[in-house]
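Here's the structure we're looking at; comments come further down.
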Amino acid sequence: MKSSFGLALLLLLLYGCGNHHRAGEHFRQGAAYEQQGRNADAMREYQLAAGGDNDSGYVVKAIDAIGNLYLTAGNRDEALEQFRQSLNLATDTRDTVMMVLSLRDMSRCYRGDATTQGTDTAINCFERADSLIAAARLDSLRILLWPEWIAVTMETGDIATVARMLDQDSVLMSGFTDDQGPLWLARGRAQLMVGRREEATASLQQAAASQNIKTHAAATTLLSQMEADDGRYEPAWLSAMECVAMLDSIHRQTVTANHNHVESLVRQLEVERENSNLRYRLVLTGVGTLLVILGLVTFFRGKTRRLRQMTERYRQAQETMHRNSEAYVAEAENNIAQLTAEIDNARQHNDQLEAELLTLKRQREEQRLTEVRERRTQQESLMATFRQTSLHAAFDSVGQSGNGTVGEDVWKQLESFANQHAGQFVERLMDYYPQMKPNDLRLCLLVKMGFTNLQISNIFHRTQQATTNARKRLFTRMFNKEGQSDDLNRFILSF
């Protein structure tokens, strides 16, 4: 039992470790497929990753990625359900980044509603995400929200709110030291909306200085439009040409970067797959070895237990035989002692004839005692010889479990064995008691071979009491007098 429990625990641990690894592998494979535009394959891999260990961060990412694929396909309701699930899991694991991303993606679903209620709900998602960022004191995460938050607020036409957000954002922007080109771009667009052209120009110039080529191109385009609106066509034309060159560069760099990224992911996944296969082979080999060892231990323990049971049954049969033979010996020795006393008494009274008769009777008892001892030795030898045969195993298997039956050919073999090794036992018994029935003969054979009352009952598929009664009735039919089951045993063992 302990071995089985330990093996089961090991398998669970190995399964858990392998499941966590597979979640990450499937997620990265899905990301590679999504980069190639193979959304169906990406969906399959993300779903496999989502079915992994709930403690794995890849599960939340995979569910969010599934939602984005549904949203790309236009299935807004299913996408919203996936985002809600990722939000719940991220909340359980206290993953603030994924909580913010899930709320942002939920807002995209609500924006697709194209109603005032949908826009309000989207803004509410941004506000919830902003409160999470404030609670976690991770202000840098606002870059994940700010461009879309401003955009959805601009869609409402609420210029005052946009202006207020820009005023509140001035402190946030001053604290950023990294390249925040997309945020400056969103800020510049919002400032254009509320009519702050000078501030918008400064923000767009900050965005145009970004290392992000897309942000640079978008900011330069807006600046060229502003220059054209102001009548400065020459600078506007130069900015437009710069945008064309950058867009062409963006296209080439994007293609090259995607190609390199996909190749890198494929190579990484191939290595991880090989490592995973190797680990699984090692695990399977280890589990197989443990199962083989456990099977061998179970087999040998069962074999040892059966041998002990057979030894115990043989010991019980030997004790029964000794008890029966000892009764004969005790009775014969008692008779000899009484006859010896009577002989001495007759001699004291000069009764020569009676002394001679008693002497003859004592000799007969001594001869009977010798025969009993010889028969006991013969019986022990018979039982020892019988135990070494496959015939004994056939009867013992039925006698031990009570399952199955003994065929006629096996009974014939037992009769032949008894005739060969027990002085023509069957033939002599049938000569003395020709009226004996086949089942009576088989009962005598089993007693002669040292089987216990329980084993005989199992072989005949009877209760032990029914077998005991059968031996008593057989003794009565054989000797025409009442007797006990042990009386039949003593007779058969000495016959």
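In this model, a donor atom of one side chain and an acceptor atom of the other lie less than 3.5 Å apart for Thr452 and Gln455. Judged purely by distance below 3.5 Å, without hydrogens or angles, the side chains of Tyr58 and Glu25 never pair a donor atom with an acceptor atom. For the residue pair Thr467/Ser457, the side-chain donor-acceptor check at 3.5 Å is satisfied.
Across all their heavy atoms, Val60 and Ser86 have their closest contact at CG1-O, 3.6 Å.
By the ring-ring contact (aromatic ring centres under 6.0 Å, His included) test, Phe83 pairs with no residue at all, sequence neighbours left out. In this structure Arg84 satisfies the side chain to side chain contact (heavy atoms under 4.5 Å, CB included) test together with Leu80, Glu81, Met106, Tyr110, sequence neighbours excluded. Applying the side-chain hydrogen bond (donor to acceptor under 3.5 Å, both in side chains) criterion to Thr96, with sequence neighbours excluded, gives no partner residue. Taking the side-chain hydrogen bond (donor to acceptor under 3.5 Å, both in side chains) definition, one finds that Glu127 meets it with nothing, sequence neighbours left out. Taking the ring-ring contact (aromatic ring centres under 6.0 Å, His included) definition, one finds that His421 meets it with Phe417, sequence neighbours left out. Leu284 is linked by a side chain to side chain contact (heavy atoms under 4.5 Å, CB included) to nothing, counting only residues two or more places apart in sequence or in another chain. Partners of Gln465 according to the side-chain hydrogen bond (donor to acceptor under 3.5 Å, both in side chains) rule, which considers only residues two or more places apart in sequence or in another chain, are Asn469. Residues meeting the side chain to side chain contact (heavy atoms under 4.5 Å, CB included) test with Val97, sequence neighbours left out: Asp95, Leu101, Leu141. Residues satisfying the side chain to side chain contact (heavy atoms under 4.5 Å, CB included) test with Ala466, not counting sequence neighbours, are Arg462, Thr463. Take Asn458 and apply the side-chain hydrogen bond (donor to acceptor under 3.5 Å, both in side chains) test, not counting sequence neighbours, and it matches no residue.
For Ser107 (side chain) and Arg104 (main-chain N/O), a donor-acceptor pair under 3.5 Å exists by modelled atom type.
Residues His392 and Phe451 form a side-chain contact, since some pair of their non-hydrogen atoms from C-beta on lies under 4.5 Å apart.
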Is there a side chain to side chain contact (heavy atoms under 4.5 Å, CB included) between Asn439 and Leu443? Walk through the geometry before answering. CA-CA 6 Å; Asn439 277 346; Leu443 176 61; over 6 Å; no
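The list of salt bridge (charged side-chain N to carboxylate O under 4.0 Å, His left out) pairs with a residue in residues 36-48, not counting sequence neighbours, reads Arg38-Asp41, Asp41-Arg44. Pairs engaging residues 399-410 under the salt bridge (charged side-chain N to carboxylate O under 4.0 Å, His left out) rule: Glu408-Arg442 [sequence neighbours left out].
Salt-bridge check for Lys61 with Asp64: failed, with every basic side-chain N at 4.0 Å or more from each acidic carboxylate O.
Rounding to the nearest 0.5 Å places CG of Asp130 at 13.0 Å from SG of Cys125. Here Phe386 contributes atom CZ and Leu391 contributes atom CG; the two are 4.5 Å apart, rounded to the nearest 0.5 Å.
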